[in-house]
Participant: 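This is the structure I have questions about; it appears just below.
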Amino acid sequence: MPAFQTSPGMRDILPPESGRWRRFTDVFADVVERAGYGQIVTPLLEDLGVFTRIGDATDVVTKEMYDFVDKGERHIALRPEMTASVCRAFAEHRPTVPWKVFYSGSNFRYEKPQRGRYRQFDQVGIEVLGADDAFLDVEVIALASEFYRRLGLRQVTLVVNSLGEPDDRARYVEALRAYFTAAGDRLSEASRATLERNPLRVLDSKRERDQELIAAAPQIGDFHSPEAAAHFVAVLDGLRTLDIEFTVEPKLVRGLDYYRRTIFEFQGGTLDSAQNALGGGGRYDGLVEALGGPATPGIGFALGVDRTLLACDDEGVFAAEPVELDAFVVDVTGGLQAVALTAELRAAGLAVDRGYDNRSMKAQMKLANRSGARFAVIIGDDELAAGTVVVKPMRGDGEQLAVPRSEISTHLAAHPDQN
RNA sequence: GUGGUCAUAGCUCAACAGGUAGAGCACCAGGUUGUGAUCCUGGCGGUUGGGGGUUCAAGUCCCCUUGGCCACCCCA
């Protein structure tokens with residue numbers, strides 16, 4: 001056993017999986033950059049206060065924060081999500097609106113790890129600050145939807161809901177509190193504890209015993225103000241116009257307390273996974289203000305990289321694929337020829353690898369085979385003397401042939417196929 | 001954080017009711033007189049996650065510990 005291993009909930013991403021991660025973020029960047037979003041990079045660490053604004057009734061803040069006091073006596077926390085950081089950046093720099101940004105990177109939450117849930121986990125996402133348009137909500141959701149399409153995912157379902165304006169939400173929370181409190185011990189003990197902290201969260205309970213009560217609980221829709229209701233209707237109309245399938249789920253409540261009005265979640269098709277939330281987001285008008293900035297509407301989403309990739313595995317799409325090599329140089333004259341030829345071919349724009357340690361031809365050919373390169377370029381004593389190299393196709397059944405050393409790079413460039 | 005479950009070679013796993021660890025794959029070498037992927041032969045490889053205990057004897061039983069996984073909590 002190794003003397004050291006990664007901390008709980010942390011892990012290494014090795015090739016070729018790491019290449020898949022990079023392609024994942026590349027595809028995401030392509031989708032959102034084409035829609036006018038620019039990348040934002042914020043610090044991994046922020047003043048703890050930035051995150052406590054998320055809401056002190058959320059588990060993310062109360063028990064999952066990775067916080068510490070630094071050498072300057074500052075109370076610091078590793079970011080548990082990106083939205084708060086983006087809002088802090090907005091309040092700090094005051095860019096012109098609408099401000100459309102995207103990000104990708106790691107977040108940290110001190111939780112008990114399990115499959116699809118890590119203490120360090122990556123997300124990609126977008127945020128738009130300074131626009132109130134219901135059709136912006138539609139655009140944001142559509143971009144996530146487009147991203148899933150680009151990955152090849154088919155079994156992702158979109159659920160939407162509206163939490164209403166802050167006042168609506170507050171009245172609804174009180175109605176829920178009254179309803180569940182009246183239920184007394186018909187509600188599970190665990191949920192009664194949740195009720196104390198955050199009545200909305202009771203709707204999320206997965207305990208059998210609570211399901212009947214939850215089904216009959218007050219509905220948020222009945223508390224929507226005319227403005228909130230109109231906004232929600234506009235969002236749904238927009239989604240229909242874009243042919244984006246969705247289901248309205250009145251019991252959908254997201255984990256962060258800053259959400260207002262539109263909220264949504266993308267769920268994977270895999271059965272029996274408690275970690276089926278691939279991503280989600282919503283409006284958070286008021287968060288910028290809470291962080292000391294001007295009153296500014298905001299909306300965005302974050303998608304979990306791990307979970308989305310897990311969903312890709314389940315659907316057999318967006319697989320990890322090794323980098324394609326054009327050639328693998330095999331040199332049995334000592335290695336100097338390989339160094340020179342490899343450098344030359346790489347300079348010519350080809351993807352080339354080679355063997356090391358002056359191993360036997362058989363050993364080097366095995367490496368060439370394993371590398372997946374299209375051709376093996378072989379240099380032995382005969383070739384060295386004749387000023388040639390042997391080019392051997394490694395796939396297909398083409399014949400190997402001797403090529404003048406000086407023509408090798410043009411030869412390879414002219415033979416993208418097997419012969 | 002609570003509960004459950006598992007941990008044997010680099011990987012996937014085996015070892016009857018306690019009797020001093022084995023296979024496949026991978027890797028290395030040879031068969032092949034310069035040429036891989038196939039085939040054959042051989043080799044390397046483990047203080048059975050770590051520590052302690054019971055026993056003549058522990059991979060196997062008990063305790064502690066570390067880590068994975070599952071459920072709850074919650075979320076990405």
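In this text, all values refer to a predicted model and were calculated from it rather than measured experimentally. Sequence lines set the chain letters: A, B, ... in the order given, protein chains first and strands last, and positions in each chain run from 1.
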Participant: Assign A:L256 to base, sugar-phosphate, or nothing according to its heavy-atom contacts below 4.0 angstrom with the strands shown.
Facilitator: sugar-phosphate

Participant: Which comes earlier along RNA chain B counting from the 5' end, the contact point of A:Y259 or that of A:G9, where each point is its nearest nucleotide?
Facilitator: A:G9

Participant: Please determine whether any donor N or O and acceptor N or O are separated by less than 3.5 Å between the side chain of A:K392 and the base of B:rU35.
Facilitator: yes

Participant: Any base atoms under 4.0 Å from A:R359, or only sugar-phosphate, or nothing? Heavy atoms, all strands.
Facilitator: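 Result for A:R359 = sugar-phosphate.
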
Participant: Given B:rA76, B:rG68, B:rG36, which nucleotide is nearest the side-chain atoms of A:P8?
Facilitator: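 It is B:rG68.
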
Participant: Is it the case that the base of B:rC72 and the side chain of A:R207 share a donor-acceptor contact (distance under 3.5 Å, atom types as modelled)?
Facilitator: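 Such a pair does not exist between side chain and base.
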
Participant: Does a side-chain N or O from A:R395 land closer than 4.0 Å to OP1 or OP2 of B:rG36, or not?
Facilitator: no

Participant: Looking across every strand, which nucleic acid part, if any, lies under 4.0 Å from A:E111 by heavy atom: base, sugar-phosphate, or nothing?
Facilitator: base

Participant: Taking salt bridge (Lys or Arg N to Asp or Glu O under 4.0 Å) as the definition, give me every residue that meets it alongside A:E289, ordered by chain and number, with sequence neighbours left out.
Facilitator: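 In terms of salt bridge (Lys or Arg N to Asp or Glu O under 4.0 Å), with neighbours along the sequence ignored, A:E289 is linked to no residue.
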
Participant: For RNA chain B, produce a single dot-bracket line, 5' to 3'. Pairs: Watson-Crick or G-U wobble, both distances under 3.5 Å. Symbols: ( ) within strand, [ ] crossing, | other strand, . unpaired.
Facilitator: (((((((..((((........)))).(((((.......))))).....(((((.......))))))))))))....

Participant: Given the structure, check if the side chain of A:E383 and the base of B:rG34 hold any donor-acceptor pair shorter than 3.5 Å.
Facilitator: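 Answer yes: a donor N or O sits under 3.5 Å from an acceptor.
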
Participant: Residues from residues 185-205 of chain A sitting under 4.0 Å of RNA chain B, heavy atoms only?
Facilitator: A:T194, A:R201, A:D204, A:S205

Participant: Stepwise, does the salt bridge (charged side-chain N to carboxylate O under 4.0 Å, His left out) test hold for A:E324 with A:R395?
Facilitator: CA-CA 13 Å; A:E324 287 272 296; A:R395 305 174 212 163; 3.8 Å; yes

Participant: Check every strand shown and say whether A:R109 touches a base, only sugar-phosphate, or nothing at a heavy-atom separation below 4.0 Å.
Facilitator: base

